Amino acid sequence: MAEMKSPTKAEPATPAEAAQGDRHSLLEHSREFLDFFWDIAKPDQETRLRATEKLLEYLRTRPSDSEMKYALKRLITGLGVGREAARPCYSLALAQLLQSFEDIPLCDILDQIQEKYNLQAMNKALMRPILFANLFGVLALFQSGRLVKDKEALMKSVQLLKTLSQHHNHLQVQPVKALVDILSEVPESMFQEILPKVLKGNMKVILRSPKYLELFLLAKQRVPTKLESLMGSVDLFSEDNIPSLVNILKVAAKSVKKEHKLPNVALDLLRLALKENRFELFWKKVLEEGLLKNPSYTSSYMCFRLLGASLPLLSEEQLQLVMRGDLIRHFGENMVTSKPQNLFKIIPEISVYVDTFLEGCQDDPKRQLTMMVAFTTITNQGLPVMPTFWRVTRYLNAEALQSYVAWLRDMFLQPDLDSLVDFSTTNQKKTQDTSLNVPERTVFRLRKWIIHRLVSLVDHLHLEKDEAVIEQIARFCLFHAFFKTKKATPQIPETKQHFSFPLDDRNRGVFVSAFFSLLQTLSVKFRQTPDLAENGKPWTYRLVQLADMLLNHNRNVTSVTSLTTQQRQAWDQMMSTLKELEARSSETRAIAFQHLLLLVGLHIFKSPAESCDVLGDIQTCIKKSMEQNPRRSRSRAKASQEPVWVEVMVEILLSLLAQPSNLMRQVVRSVFGHICPHLTPRGLQLILAVLSPVTNEDEDDNVVVTDTDEKQLQHGEDEDSDNEDNKNSESDVDSEDGEESEEEDRDKDVDPGFRQQLMEVLKAGNALGGVDNEEEEELGDEAMMALDQNLASLFKEQKMRIQARNEEKNKLQKEKKLRRDFQIRVLDLIEVLVTKHPEHPLILELLEPMLNMIQHSIRSKGSTKQEQDLLHKTARIFMHHLCRARRYCHEVGPRAEALHAQVERFVQQAGSQADASVALYYFNASLYLLRVLKGNTNKRHQDSQKLHGADTGPEPKDSEDQTANCLDLDFVTRVYSASLESLLTKRNSSLTVPMFLSLFSRYPVICKNLLPILVQHVAGPSRPRHQAQTCLMLQKTLSARDLRVCFEDPEWEQLITQLLGKATQTLQTLGEAQSKGEHQRELSILELLNTLLRTVNHEKLSVDLTAPLGVLQSKQQKLQQSLQQGNHSSGSNRLYDLYWQAMRMLGVQRPKSEKKNAKDIPSDTQSPVSTKRKKKGFLPETKKRKKRKSEGTTPEKNAASQQDAVTEGAMPAATGKDQHPSTGKKKRKRVKASTPSQVNGITVAKSPAPSNPTLSPSTPAKTPKLQKKKEKLSQVNGATPVSPIEPESKKHHQEALSTKEVIRKSPQSALPKKRARLSLVSRSPSLLQSGVKRRRVASRRVQTP
């Protein structure tokens, strides 16, 4: 950073001299200091804040008057810049600066602002920036926190804001708003002094703008005596002022439309009405009868926000007035008819207001209960408008929560419809049948909401703190879902609960579904906090005990679905099995079986017949699984021709997965994870049969819509019919659209048979006249009636036929959807087997079925969500959990031949696929089988040695692992060599390069065996694309360390030599690239050549590099010409860079290309100017200045000399073991070679020093800066560069002398310094750049000859 100069005092100067002094003082500041002001105006907030902090820190650590003055000047200038987004940034920075440096007088800053942006001398063009500059200047003074302490600055600011308020077209109400913010923080005495200057005594002016009214309300709140003496006694809520108040509130609502907040004036009016006991008048006259008479979007939402903000301020009587008035009905109607995006905006805001209210009155449970009941009783034809998942109960204390649950329970049992604030929307009043407005329908809608609300409350409660409430809800749901009261008893409190409206079957079905949802919630909570339940038992067990107690009290309670004797015996047997499992609760398997038994046992009240059979089978399987010797039981089962218990359990779990229950799905996953070690091949086939795409296509009746699904569909239809009343979108337009769509479907389904029948009917009724008949006979009335009846019957039959066809189609679609959902659930079992038991031998049986599923799903191109989910889940399990598993099966000895055949089959199928994505899955499956055959992953470092031993020796002598001996390397090599040949020979192959790169990286010995194929295709008669693929694979593979371990040193050197020869041969035969494939081949060959040369240099191999150097030198002129002519294809820059990378590793340094300048214009004789029309914005060729050069030097001669030097004198450096060519990179350890350069043991003669000297190990590489200077010396003075073999001291001395001479003699030596100085000014503000431009033009004139 530049040094800071001390400020010096100077006499006042003229404006021109002052501007010149500003430009000179600007250059005194550092680049870092000037960058702060650019960053302050950037749109990113973090950048602005960081720049402001750095500026303040800079000024604190380096106090200087000049820099402080410059900072203030720049910030004040920024207040009026043209970019509107930058003005607040400069205002905030100025405020923080004034806050940090309190010795700066505010009056001086305000005077500078007014002097810079004079309101009196502004013209129309600069009016808006000047007005905003003054406004933001006052805001900066206020935000500094010092304005209210400085009386003089405060008075000036108030006067300035009052002047700015007259320019309403540009500033709107922002000056008055700033004035209100300032006066709200000034002391009371100062307020009284300022008030007469800013507030007029005319009430019409006050009621004209929200900000003036807000200023009036502020004065009435802080200095009421002064206000009364100024304006007299004012009744703001009089009948005459109410229309003005309504208009002001409408304007205020529109002003905060984008901010989504409550205007301050509305809340101030509410507080004034409460203070003057005029709340009822304000609420009814201003809000309900004024704003809601013709409500707009902004007015309605302002009223809703005002309702929420007023809740903590109101008494209990006022709450009753607010929560049962027209505004609350309008709120409910808005909740029902609003679009989802608007609904999701208002619900969080109301929730925040209610949370604030409940949090503020936690010591008053009655007030909390009143609020919860008030929002619950806002109903639309019996259905509460608030969502059942409304999370505002977290601030309820225990008493209020208990009371709210009791109120919900009593409202469910005996609904009080008169206490509801019920309403109907406009569309409901128009379109709904009056017969639907019956109490039974209202009670059903209310009860359905209450039961779901009770269940959702459990999700928000804490098990430890609210366990009593949770138990009450669980008992209430269980009892009324499955039991009825015969006679009340004090032992069962639920028997004393009576219904004012009987509980019908629809409510009972809602109860049953809500109860199992409650089980899901309780099981999740118990899994998260298992120690909080009673005696460590899950809630499901406690509810089963409660159900058993209710079954035993058969005199007082009876079940809704009566149980037969066999079903009751199954229940009692289940209870005894639960006790046995409880004794073995230390085993995780017993806990899983217990959870399954409990869940299926509770389903006996829902579907007794099915659950009874499943209970018996589950208990049999549990007893057999708990035996000490499961193999003995399996052998007994085989001897007695009985199915193994695991297979029976798999069938049970599959049947349970067909139920649409998330809780059942989790339980099935848990149980299957414990029975996986005992899984048999037949049990696995039962699972795979469900997932087989061929079976599912042939047998469409495998998964049928069950009774429960039909009931759920019917229940969903009922819910849809209920929700139809709540949607505003169901209007006549929708019905017309529906009729049009039905007509289109009807026309689309017209078949030729129907047309033939229609023609016959018309002919029979003589409705079709003949062609030859000149006069058509008119039909009589009876004939017309008969024809109408025939046509009506025909069209009715056709309509019924179309309806039946559509119903059949919908049924098939539903069955297909259920089948896909069932398959997605069954995939959970496969996922559990693969993730929890990856070493199971049956894992290998999953490969082909999962590949068939993936292949079928990709080929079918299913567009439905279920089919996409099925494909993604199958692919995720296969790739992430199976193929990339760290553990795998180790018992493959007897199946080694079958696995080798499967590897061959997978590779062949991968090569025969039409889609490369499917081929990738098959190829990864073969790699997984290779890993299984290869051995244990724990001996990762010995894998290459084992594979190498398997390759060289006939049989391994050491006693290795069984899996390590299973891999037949010769067989696998033949399989993959065939696939590699197909990749490199076929025109279209589904195999890709990344597949084989993955194979090479995992199995280096297989890669070693496949390298001859790659070497053969480098220079063979292959397609350009195949040769590019070959070079790419070789380039990626040769750099792997694992592959290098597999080779001995002579073999590796022989391979590198062979590849160098092939690459050189291919590069030599290449012509000019005409297609994209040929260009890619050229790039790949050069990249491979670079990799080979890098390997030679790194490992110091004895390889002859004369041939590659000669071929590369022959390519140089062609590459350079194509690059200079500009007719090259895309990527030739990359080709040129690769070429010089290879040349640099061969010891030839890349020449520095001169930048093209506008002065380098060829003469008219060399390139005549085109006679076409000149482009606009470009200088003619004759007007451009010619570049001055020394006599006797031309660009052609320089280029020729450089080319000759490279081609004649450039030879490769020594490539022996002790000495290698320089790569042009910095080394940590510099090796000084004392021996001369050699090529194959022959000393190379020294050549004259070329313009681009050859780099040798004995000479250090020149830096680009030094080489650039030497090029300038050779061009200006005509001197030859220093020879690289001279001593370093002498060379540096000559370089220093020649550089000084050039600085003295050449007129271009001052250009870099001038450019560096001008770059500082180029980033400065535009106000300071005009002088710089003039000075730049003057310097150009001086240089012009």
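Small disclaimer: the values here were computed from a predicted structure and weren't measured. Heads up: numbering here begins at 1 and tracks the sequence.
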SB check [X] [Y] (cutoff 4.0 Å):
X      : Y      : answer
Asp355 : Arg394 : yes
Lys624 : Glu647 : no
Lys816 : Glu867 : yes
Arg825 : Asp821 : no
Glu831 : Lys836 : no
Asp869 : Lys865 : yes

Taking side chain as C-beta onward, heavy atoms only, is [X] less than 4.5 Å from [Y]?
X      : Y      : answer
Gln491 : Met549 : no
Asn662 : Gln666 : yes
Trp571 : Val544 : yes

So, the side chain of [X] versus the backbone of [Y]: is there a donor-acceptor pair under 3.5 Å, distance only?
X      : Y      : result
Thr489 : Ile492 : no
Trp449 : Met386 : yes
Thr558 : Asn554 : no
Ser625 : Ile622 : yes
His595 : Val671 : no
Asn852 : Glu848 : yes
Ser513 : Val510 : yes

* Give the intermediate values and the outcome of side-chain contact (heavy atoms from CB on, under 4.5 Å) for residues Arg409 and Gln472. => CA-CA 10 Å; Arg409 186 176 62 245; Gln472 288 182 11; 3.7 Å; yes

* Using the side-chain contact (heavy atoms from CB on, under 4.5 Å) rule, take Phe482 and Val512 through it: C-alpha gap first, then chi angles, then the decisive distance, then the call. => CA-CA 8 Å; Phe482 303 122; Val512 172; 3.9 Å; yes

* Going from CZ on Arg876 to CG on Leu882, what distance comes out if it is rounded to the nearest 0.5 angstrom? ->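 Arg876 CZ to Leu882 CG: 12.5 Å, rounded to 0.5 Å.
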
* **Spacing of CD1 belonging to Ile854 relative to NE2 belonging to His872, to within rounding of 0.5 Å** =>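 Going from the CD1 atom of Ile854 to the NE2 atom of His872 covers 11.0 Å.
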
For [X] and [Y], work out which heavy atoms get closest and say how close.
X      : Y      : result
Ala474 : Leu543 : CB-CD2, 3.9 Å
Leu598 : Leu578 : CD2-CD1, 3.4 Å
Ala488 : Asn556 : O-ND2, 4.1 Å

Between the side chains of [X] and [Y], is a donor N or O closer than 3.5 angstrom to an acceptor N or O?
X      : Y      : answer
Glu494 : Thr485 : no
Arg542 : Gln545 : no
Glu845 : Gln685 : no
Ser351 : Trp390 : yes

* To do: Flag the pair Phe476 / Phe511 as yes when their ring centroid distance falls below 6.0 Å, and as no otherwise.
  =>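 Ring-ring flag for Phe476/Phe511: true, centres closer than 6.0 Å.
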
* To do: Flag the pair His674 / Phe593 as yes when their ring centroid distance falls below 6.0 Å, and as no otherwise.
  =>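 Centroid separation for His674 and Phe593: 6.0 Å or greater.
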
[X] atom [atom1], neighbour heavy-atom count above 12 within 6.0 Å:
X      : atom1 : value
Glu399 : CD    : no
Asn552 : CG    : yes
Lys817 : NZ    : no

* Stepwise side-chain contact (heavy atoms from CB on, under 4.5 Å) test for Phe389 and His452 -> CA-CA 9 Å; Phe389 54 85; His452 287 298; over 6 Å; no

* Asked: Stepwise, does the salt bridge (charged side-chain N to carboxylate O under 4.0 Å, His left out) test hold for Asp504 with Arg447?
  -> CA-CA 11 Å; Asp504 56 359; Arg447 282 178 171 173; 5.6 Å; no

* Which one of Val650, Ile843, Leu833 satisfies the side-chain contact (heavy atoms from CB on, under 4.5 Å) criterion with Leu684? ->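 With Leu684 as partner, Val650, Ile843, Leu833 yield a single side-chain contact (heavy atoms from CB on, under 4.5 Å), made by Leu833.
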
* Start with the C-alpha distance between Gln573 and Leu615, add both sets of side-chain angles, then the distance that settles side-chain contact (heavy atoms from CB on, under 4.5 Å), and finish with yes or no. => CA-CA 9 Å; Gln573 187 178 3; Leu615 272 178; over 6 Å; no

* Asked: Using the ring of each side chain (for Trp, its six-membered ring), is His480 parallel, tilted or perpendicular to Phe412, with breaks at 30° and 60°?
  ->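 Rings of His480 and Phe412: tilted, 30 to 60°.
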
